[in-house]
Amino acid sequence: MIKYIFKRIVSLIPVMLGVAFIVFTLLYLTPGDPARIVMGEQATEEALHEFREKEGLNDPFFVQFGNYVVKAVTKGDIGRSYMTRRPVFDEIMSAFPATLKLAVSCVIAAVLFGIPIGILSAIKQNSFFDNITRFLAIVGLSMPVFWQGLLLILLFSVKLRWFPSSGFDSWATLVLPTLTLACNPLAVITRMTRSSMLEVVRQDYIRTARSKGQIERIVIWRHALGNALIPIVTVVGLQFGTLLAGAVLTESIFSIPGVGRLMVEAIKMRDYPMVQGGVLFIAITFSLVNLLVDLLYAYVDPRIRAQYK
Amino acid sequence: KDTLTIANIYDARSLDPIVQNEVAASGAICHINETLIDLDDEGNPIPLLAEEFEQIDPTTYRFVLRKGVKFHNGDPFTAADVLYSIERAKSPLGSAIKQYPEIIESVVAEDDYTVVIKIKYPFTPFWGTMAHTSLAVVNQRAVEEKGDMYPMNPVGTGPFTMKEWVKNDKLVLERFEEYWGDKPAYKTLVMRSVPESVNRTIELETGAVDIAYLIPTADVSRVKDNKDLNVISAYQHSTCFMGFNTAKEPWNDPRVREAVKLALDINGARHAVFRGTGETPVSLVPKTIKYSDQSATMPKRDVERAKQLLAEAGVKLPLKAQIWSNAYKPRVDLAQIFQAQLKEVGIEIEAKVLEWGAYLDGLKLGDHDMYILGWTISSVDPDGIMSGIVHSGGGSNYAKFHDEEIDALIDKGKTMPDGPEREALYMDLQKRLNEQNPYLYLYAEETFYGVKNEVENFIPSARGYHNLAGVSFK
Amino acid sequence: MTQMDDKKFILDIQDLTIHYVVESGTVHAVENLNLSLGYGENLGFVGETGAGKTTAALGIMRLVPDPPGKVIGGKIIFEGEDLLSKTESQMRAIRGGKISMIFQDPMTSLNPVITVDKQIAEMVLLHNDVTEQQALERAVEMLEMVGIKKERARDFPHQFSGGMKQRVVIAIALACNPALLIADEPTTALDVTIQAQVLELMKELRRKINTSLIMITHDLGIVAEMCDKVAIMYAGKVVEYASTEALFNRPAHPYTEGLFNSIPDLTEDEDELKVIKGLMPDPTDIPSGCSFHPRCPYAVETCSQEVPEMVEIEPGHFVACPVWGKKLLKDSAATEVK
Amino acid sequence: MSLTGQPIVEVKNLKKYFHTKRGMLHAVDDVSFSILKGETLGLVGESGCGKSTLGRAMIRLLEATSGEVKFWGEDILKLSSSRMKEMRKKIQIVFQDPYSCLNPRLSVSELISEPLLVNKVFSNSADRIKKVKDLMDTVGLAQRLVNAYPHELDGGRRQRVGIARSLALSPEFIVLDEPVSALDVCIQAQVLNLLNNLQKEFGYTYVFISHNLSVVKHVSDRIAVMYLGSMVELTDYRSIFKDPLHPYTQALLSAIPIAKMDVDRSKRIILEGDVPSPIEPPAGCRFAGRCRYRQERCSIETPELRQIDPGRWVACHYAKELKETV
Amino acid sequence: MSVQSSVKVKSEAGLLGIWKRLCKSPLAMFGLFIVGLLIFFAITADFVAPYRYDQQSLMDAFQAPSKEHFFGTDEFGRDIFSRIIYGSRISLQVGLIAVSISVIFGGFLGAVAGYYGGRIDNIIMRCMDILLAIPSILLAIAIAASLGPGLYNMMVAVGISSTPQYARIIRGSVLSLRDQEFVEAAKAVGSSDSRIILKHIIPNCLAPIIVQCTLGVASAILTAAGLSFIGLGIQPPIPEWGAMLSGGREYIRDYAYMTIFPGLAIMITILALNFLGDGLRDVLDPKLRR
Ligand SMILES: Nc1ncnc2c1ncn2[C@@H]1O[C@H](COP(=O)(O)OP(=O)(O)OP(=O)(O)O)[C@@H](O)[C@H]1O
Ligand SMILES: Nc1ncnc2c1ncn2[C@@H]1O[C@H](COP(=O)(O)OP(=O)(O)OP(=O)(O)O)[C@@H](O)[C@H]1O
Ligand SMILES: [Mg+2]
Ligand SMILES: [Mg+2]
Ligand code: NI
C-alpha cells in the first residue's frame with residue numbers, strides 16, 4: 001500500500017510539470033503586461049523596465065520556465081506574488097481555509113442527502129418519489145449557480161433576512177453559499193447513487209442475501225450499498241476535487257475569500273507567480289483527492305485492495 | 001457601540017505601504033501608519049507626524065517631528081524611522097510606488113526630531129507626494145523582525161493597531177491606546193470587502209455594516225428612503241474620458257473628433273447610466289482640483305452639424321470604428337449608448353470590452369480608435385493628469401496626442417510655484433485642449449456612501465479613501 | 001395430475017403461473033405448472049434456456065423480482081402449507097431455514113465485499129439463536145465440510161476459484177440443514193473436471209444431510225447421475241414427469257425425445273443428429289394448444305387447439321401429450337425393423 | 001476420411017505469451033501439430049487453457065510470440081500484410097459468441113457481404129447480392145432475413161450468419177472457436193449438422209474448438225487435448241475415448257456426465273484442486289500437481305508430445321506404462 | 001389465461017426505433033421540443049423578435065413586463081424578450097461549436113489512444129490528465145484571458161477545457177469495442193484499420209457520444225454564461241444570456257425580471273438538454289433497455 005501511494009505520488013511529477021508548462025504557455029500568450037498592471041497606469045517606463053528585469057520577464061520563455069522549475073524543485077520556492085510581495089504559498093494558504101470549509105460543508109450536505117435519496121429512489125424505482133427526485137435532480141443540474149445564488153440572496157437575505165448575503169465568519173454565512181453550491185453535487189450524487197444501486201440490486205448476490213431470509217433493510221444497506229459505493233465514491237471525490245479548486249462564481253457572489261476568487265484576481269492582475277503557484281496547488285490538491293478516492297476504493301472493495309499490493 | 005464596521009468593494013492587497021498603489025490599501029494603511037503631513041480639503045499641507053514644516057529653498061524642505069509619539073510595538077518615533085521609511089520606499093522593494101519617492105534626492109536627519117529632504121528639481125506638488133501613504137512611516141524593527149509576514153502584521157504610529165486580517169474578507173483593527181492624538185471613539189474597526197454591490201446595500205440594510213462604500217446608483221433612493229439610513233455623496237479627484245487615437249486616420253483630424261462630440265449626447269448618456277447622479281465634466285482637470293477650468297460648456301447634441309463636419313473632413317461613411325473599454329459596467333454601458341448614437345451619423349461602432357491587462361496592452365499597441373479610460377489624481381495638482389496623458393511623453397497618453405505648445409506649457413507648469421501665474425497657465429492649457437478635443441469628458445462619478453443614522457462625522461474624502469478615526473456613534 | 005395426499009409430499013406445486021410484464025408484452029414464464037416432490041426425493045428439472053426453470057424456483061422462494069414479475073395464481077404447498085399465502089416475515093424464516101437455493105452463477109452469487117465466513121455466518125445467525133462468534137465457528141465448520149481449509153475463511157470471494165466459490169455457495173445453502181434445497185444449474189459455469197468435483201460433493205452432502213433436492217439443469221447427463229425423478233419443462237410447463245429410469249429409457253413426450261436426440265452421444269457414433277426443427281416459441285407469444293405443436297413431428301390437428309392434460313402412462317410416469325400412444329407405437333415399430 | 005491426407009496446416013513450436021501485471025502469461029506454450037486436408041481437428045480443454053489463443057494465433061489474428069504456422073508449406077506468420085490479406089481468403093474463423101461477433105449496426109446482408117467487399121471479389125453489387133443470397137441458402141437462413149439486424153435473430157441464426165461470413169470467400173481452412181457453446185442443445189444440434197454437411201459438400205478443413213467433449217467427439221476426426229497452454233494428447237477420436245492415455249485426458253473423460261442410465265459411473269476420477277495459473281508456470285509437466293501417477297521426474301522434466309502408437313501422440317513420461325495398465 | 005399481447009414491436013435499432021422509444025418519454029419529448037424551439041428562434045430571430053437586440057430607447061428603460069415588452073426592458077430600454085430570442089442564437093452557437101471542438105479533438109485523441117493503445121495511449125491520456133488537473137473554469141478563464149474575450153474565443157476556451165472528458169469517454173468505448181469479437185471478425189476477413197474504425201467502431205460508440213454531446217452542450221452553455229457573468233465573456237451588446245444576467249444583477253432588487261428571465265432561459269435550455277440527454281441515454285443504452 002505504501003509503495004502504491006509512493007508510486008502514485010511519483011507519477012504526479014510529470015503531470016505537474018505538464019500543468020506548469022501549460023500554465024506558463026498560457027500566461028506567455030496572454031496579452032497584458034504584469035509590470036504595468038502591478039505598478040499602475042501612472043508608473044514610469046523606467047520603473048516598469050526595472051520591474052520586468054527583476055522578475056525575469058525579459059528572459060526567453062524556456063529560460064523563465066526552467067528557472068521556475070529549478071527553483072520550485074530545489075528550493076520548494078514557487079515565487080512571490082507580484083501584488084502582495086508575499087510568498088505565493090502563504091497567499092494560497094490564507095485563501096484555502098475558506099474554500100476547504102465551503103467544499104467540506106457542500107460535500108457533507110450533498111452526501112448526507114444525496115445518498116439516502118438516491119437509495120430510496122432506487123428501491124422505489126418508477127414510483128412517484130423516484131420520478132420527483134429524478135426530475136429535481138435534473139433541475140438541480142440545470143440551475144446556473146450564479147443565478148441561483150442571486151435568487152437565494154434575494155429571498156433569504158433581502159426578503160426574509162435570515163442569513164447574511166456575504167462574509168465568511170459564522171455558520172450563518174455558510175448557509176447560502178452551501179445551499180447554492182451543494183445543489184449540483186447533490187444532484188450528481190443522487191443520480192449516481194440511484195443508478196449504481198439499481199445496477200447492484202439486480203445482482204445475484206443480492207438475491208442470495210434475500211434467499212437467506214435477510215430483512216430488506218440490511219439487504220439494502222449492507223449488501224447493496226457496500227457494492228454500490230465505488231461509483232458513488234468516485235463522483236463524491238470528483239465533486240470534492242472540483243469544489244476544492246474554488247467555486248469562482250459562488251465565491252464572488254457571496255464575497256467568500258476563497259481560492260477561486262484569488263485565482264481569478266490573479267489572472268486578471270497578471271500576477272504570474274500567483275497564477276502558476278495557484279494552478280499547481282489546485283492541480284496537486286485535485287490529484288491528491290483522486291489518490292484519496294483510489295485509496296477509499298481499496299477500503300470499500302477488497303478486489304481493488306488486492307491490486308494495490 | 002464600540003465597533004465600526006464598513007463594507008468596501010475591495011480588500012487591501014497588502015498592508016505594506018510601499019507594496020501597492022491602490023485606494024483600498026491606502027484606505028487601510030492610513031489607519032495604521034501615518035505620513036509626516038496630511039492635506040486639507042484645499043490641498044494645503046497640515047501637520048501630522050511633523051509638527052512643523054517649511055520649504056527652505058525650491059528644492060529643500062525641513063520637517064520638525066512630533067515628540068512622544070510611539071509605535072504600536074512601543075518603540076519611540078524618531079527621525080531615524082523617517083529616514084528608514086523613505087529609503088525603503090526608494091529601494092527596489094518600492095517599485096510599485098516608485099514615482100512618488102523618486103523625486104527625493106536625499107533625506108538627512110539634523111537631529112532626532114528634525115528631517116531635511118532635498119528633491120531633485122523644483123516640484124510644486126511635493127506636499128501631495130509627502131502626504132501619500134506610500135511614504136508613511138514604518139517601524140524598522142518590526143519590518144525586519146516580521147520579514148515576509150510584515151504586510152500581515154504592520155506596525156505604525158497610527159490610531160489603530162492590526163488585529164486580524166482575513167484576506168478578501170475582513171480586516172480588523174483595534175484602537176491604539178497610546179496614540180499621540182485624539183483617540184477614536186470606538187474600539188474596533190472592521191473593514192470588510194464585499195465586491196457585489198447589491199450585497200453591500202443588503203449588508204447595510206440588515207445592519208451588518210455601519211457604513212457601506214460605493215452604493216450602486218440603483219440603490220441610492222432605496223437607502224435614502226430607509227429611515228435608519230443615510231446617503232452621503234462625494235466626488236473624487238477623477239475624470240472619465242473617451243480618448244481618440246489621434247495618430248490614426250481619421251481621428252487625427254480635429255473636425256472628426258468634434259463631429260463625434262456633437263453626435264453624442266454625453267449628458268443624456270451619463271444620466272441614463274448613472275441614473276442622474278454625478279456630473280458631466282467640462283475639463284480634463286476634475287473640479288475638485290485646483291485650477292480646474294469650469295468656464296467651458298458642453299455643446300448641445302447636433303447630428304446635422306456632426307454630419308457636415310464629417311463631410312468636410314472627407315470621411316467616407318459609413319465609417320467603421322471601435323470603442324474600447326475595460327469591463328467596468330458604466331463604461332461598457334456608455335460605449336453601448338454611444339454605439340447607438342453614433343450610428344445616426346453613420347459611424348458604426350463595435351464596442352470592445354477588454355479585460356484590464358489586455359486593455360492596457362492593447363492601448364499600448366495602439367490599434368484602437370476610441371477608448372474609455374479614467375484618471376484618478378493622486379497628488380492634488382493638475383500636473384499629474386497633464387503630464388500623464390496630455391504631454392506627448394506621458395506614460396498614459398494613449399490618445400497619442402502631440403502638440404509642441406501644450407507640451408511646453410505642461411513642462412513649465414510643473415515647476416512653477418503656486419500662484420495666479422500658475423493658475424493662468426493651467427487655464428490656458430485647458431482652453432487649448434478643449435479646442436482640440438483629443439479627449440471627450442464623459443463623467444465625474446458621484447460616489448455614494450450608505451451610512452447608518454447613528455454614525456456621525458463620516459466625511460468622505462475626494463481621494464477615494466477615508467480616514468475613519470474621527471467617526472463616532474450617536 | 002391427480003390430486004394426491006399432501007402429506008406425502010414435501011412440496012406440491014399446483015397450477016403455478018408466473019408472468020413478467022415487460023415493455024414488449026407479457027412473458028408467460030411459468031404457465032399452470034404442476035409438480036410434486038416427496039420427502040428425501042431428488043428431482044431433476046430440465047429444459048432449454050428460457051423454459052422458466054429459474055422463474056419457477058424463484059416462485060417457490062417467493063423471490064420473483066416484482067416488477068416485472070407477477071405470481072398470477074396457483075399454490076405452492078410446502079410441508080402442508082401454502083407459501084403463497086404467507087406473510088413476508090413468515091417467508092423470511094422459511095427462506096434459508098427450510099428452503100434454500102443455490103444460484104446459477106457462483107461468480108456473481110457471492111457478495112464481493114464481504115468475507116466468505118461472514119456470508120455463511122449471516123445465514124446461521126438469521127435462522128439460529130446463536131452468537132456471532134458461534135455463527136462464525138459454524139461457518140468455518142461448513143467450509144471444511146465442503147473442502148475449503150479454514151485458513152481461507154477470512155478471504156474475500158475474489159480470492160477463490162470458480163469451483164471454490166460454488167462450494168462456498170453450497171456451504172451457505174446447507175448451513176441451516178434445509179428441508180429442501182433448490183440448486184439452479186449449480187455447475188453450468190464450471191469446467192467439467194470442477195463440475196465433477198462439485199457434483200460429487202453435493203451427492204456426498206446429500207447423503208449426510210438428507211434434504212430433498214430440486215436440481216435445475218439443462219444437462220441430461222447430470223440428471224442421469226444425480227436424480228431420482230425428472231420433470232421436463234417446455235415453454236413454462238412441465239410436459240413430462242417420471243422417474244429418471246423411466247424417462248431415459250422410455251421418453252414419452254416428443255420434446256423429450258428430441259432433446260435426447262440432439263445430444264451427441266459420447267458412447268456411440270452417429271453421423272447426423274436428429275434435431276427438433278424450429279425454435280423455442282417467443283415467450284410473449286406462446287402458441288395455442290400444446291405449445292410444442294409447431295415443432296412436433298407427430299402433431300395432429302387437435303394439438304393446436306386443446307391444451308393437453310397430464311396423463312399417467314405408467315405408474316409415476318406422466319406426460320402431457322395426447323398422441324404419445326401413437327408415437328410409442330411408431331417407436332416400437334422402428335425397433336422391430338432394426 | 002483417412003488420416004493420411006496432405007497436411008494443410010503445420011504448426012511448429014508455436015508460442016503466445018501475454019504480458020500481464022503479474023508476469024508473463026504463457027497462454028500457448030510450444031505447441032506443434034499438423035492438420036490434414038479435409039479433416040476436423042477437435043481441440044478440447046478447460047476454460048483458460050489457451051484454446052482460443054491457439055486458434056487465433058494460428059490464423060494470425062494474434063501475433064504469435066514465436067514459432068511458425070505453415071499453410072500449404074508457406075509460413076503465414078512471416079507474410080507481409082498485403083500477402084496476409086490474400087491469405088485471409090483461404091483461412092477463416094467462426095467465433096464463440098454469436099452475440100458479440102456481429103456488428104449490431106450492420107444488417108445481415110451487409111455482414112455477409114463485408115468479406116466480399118473488402119476483398120473486392122465482385123465488381124458489381126448485383127453479383128454480390130446474389131452471392132449473399134446463395135450463402136444464406138447454404139447455411140439455411142431464410143431470404144426474408146436479408147435486411148434483418150443481428151438483435152432480431154436468435155443465437156442459432158446469428159451463428160449461421162457468422163458461418164456464412166466465413167464461407168463467403170470460399171476458404172479452405174476454418175477455425176471454429178466454440179461455435180456452439182453459447183447455444184441451446186437443440187440449436188446446437190442444428191448448427192452441428194450444418195457444419196457437418198458443409199464439410200461434406202465443400203471439403204473444408206476445420207479446427208473445432210470446444211470444451212464440450214461430446215460435441216467435439218461428434219464432429220472430429222482427431223482430437224487434441226490441451227492443458228494449461230500445452231498439448232497433452234493428440235489422437236483419433238475413437239481411441240481417445242476408448243483408451244485415453246494421458247492422465248489428464250482420462251480424468252477429463254471420466255468427468256463428463258453421460259445422459260444414459262446404463263453406464264458405469266464408478267470409475268470416475270475426481271481431480272483434486274484447481275487449474276493452476278498460466279502465469280510463469282513452473283518447469284516440468286504442468287499437470288503434475290493434480291496427477292494421480294506423478295513421479296519425481298514429472299516436476300523436473302517437461303514431457304514432449306511423443307508418438308506412442310501410429311497416430312497417437314501423448315505428452316507424458318509414463319504414457320507407455322499407463323497404456324499397459326489400462 | 002390472461003390477455004396475450006398481440007402486437008410486438010420488433011424493430012429496436014435504427015433511427016425509427018430510437019425515435020419511437022424516445023416518444024414514450026414525455027420528459028425527453030419536452031426536451032426535444034424546447035431544443036427545437038431554440039433552434040427555430042436561433043434561425044428566425046430576425047423575424048420572430050419584436051425588436052432588434054441592440055435597439056435602445058433610453059426613455060423606455062426599466063419597464064416592467066407588459067404587452068409591448070413581454071419580459072420588460074433593460075437599462076437601455078432594450079426589449080428583454082427580443083434579446084433572449086437573439087440570445088438563443090449565441091447560446092446555441094456556443095454550445096454547438098464548443099462541443100464540436102471538444103468532440104473533434106477529444107474524439108480523435110480518444111479514438112487513437114483507445115485503438116492503438118500502448119505508448120500512444122499513455123502519452124495522450126497523460127496529456128489529458130494534465131488538462132483535467134487544471135480546473136475547467138480556471139482553464140476557460142485563462143484561455144479567455146489569453147485569447148481575449150469574444151464569442152469565438154469563448155467557444156474555443158470552453159471547447160478545449162472539456163476536451164479531456166470526451167477523450168476519456170471515447171477512449172473508453174473504443175477500448176471496450178476493440179476487444180469485441182466483431183472487430184476481430186472484421187480483421188479476420190481482411191478489413192483495414194481505417195475501415196474497422198470508421199465502419200465498426202465509430203458507429204457503435206455513437207450512443208455514448210451523442211448523450212455526452214447533449215449534456216456537453218448544456219454544460220458549455222453554462223460555462224459560457226458563467227464566464228460572461230464574471231466579465232470574460234462576450235462583447236456587448238451581443239445578448240448572451242449570462243452577460244444579460246450579469247448586467248442585470250445590479251438591478252435585481254428593483255427590476256428582478258431583468259435577471260429572472262435570462263436566468264430562466266438558461267435554466268430551461270439546460271433542463272431541456274438534460275432531459276433530452278437523459279432520454280437518449282435510456283433509449284440508446286442497451287443495458288437500460290432490458
Ligand atoms: N426479470 C425478468 N424480466 C422479464 N422477463 C424475464 C425476467 N426473468 C426471466 N424472464 C423471462 O422469463 C422466461 C423464463 O426465464 P427463466 O430465467 O425462468 O428461464 P430458465 O429456464 O431459467 O433459463 P436458463 O436456462 O437460461 O436459466 C424467459 O423468457 C425470460 O426471458
Ligand atoms: N489479450 C489477452 N491478454 C492477456 N491475457 C490473455 C489475453 N487473451 C487471453 N489471455 C489469457 O490467456 C489464457 C488462455 O486464454 P484463451 O482465451 O485462449 O483460453 P480458452 O481455452 O479459449 O478458454 P475459454 O474456454 O474460456 O474460451 C487465459 O489465461 C487468458 O486469461
Ligand atoms: Mg435459469
Ligand atoms: Mg475461448
Ligand atoms: Ni397466461
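Small disclaimer: the values here were computed from a predicted structure and weren't measured. Lettering follows sequence order; numbering is per chain, from 1.
Contacts between C/Q197 and chain D at a heavy-atom distance below 4.5 Å involve backbone atoms as well as side-chain atoms. In this structure, chain C has no heavy atom under 4.5 Å from any part of D/N212. With a 4.5 angstrom heavy-atom cutoff, D/I187 touches chain C only via side-chain atoms. Of the atoms belonging to C/V192, heavy atoms from both backbone and side chain fall under 4.5 Å from chain D. Residue C/I194 touches chain D through both its backbone and its side chain, counting heavy-atom pairs closer than 4.5 Å. The contact between D/L252 and chain C is made by backbone and side chain atoms together, counting heavy-atom distances below 4.5 Å.
D/D184 contributes no side-chain N or O that, together with a main-chain N or O of C/E48, makes up a donor-acceptor pair within less than 3.5 Å. The main-chain N or O of D/A255 is never found under 3.5 Å from a side-chain atom of C/Q195 such that the two would form a donor-acceptor pair.
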### Full working for side-chain contact (heavy atoms from CB on, under 4.5 Å) between C/S262 and D/Q190
CA-CA 8 Å; C/S262 298; D/Q190 293 169 1; over 6 Å; no

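Atom OG of D/S47 is separated from atom CG of C/D191 by 5.0 Å, given to the nearest 0.5 angstrom.
Looking only at atom types and distance, the side chain of D/E46 has a donor-acceptor partner in the side chain of C/T193 under 3.5 Å away.
Shown here is C/K203, whose NZ atom has more than 12 heavy atoms of other residues, nucleotides or ligands within 6.0 Å.
D/Q188 has its side chain within reach of C/P264: a pair of non-hydrogen atoms, C-beta onward, lies under 4.5 Å apart.
Between chain D and the residues C/L259, C/L247, C/D219, C/T244, the most heavy-atom pairs under 4.5 angstrom are made by C/T244. Contacts with chain D were tallied for C/A224, C/G258, C/G163, C/G147; C/A224 has the most, counting heavy-atom pairs under 4.5 Å.
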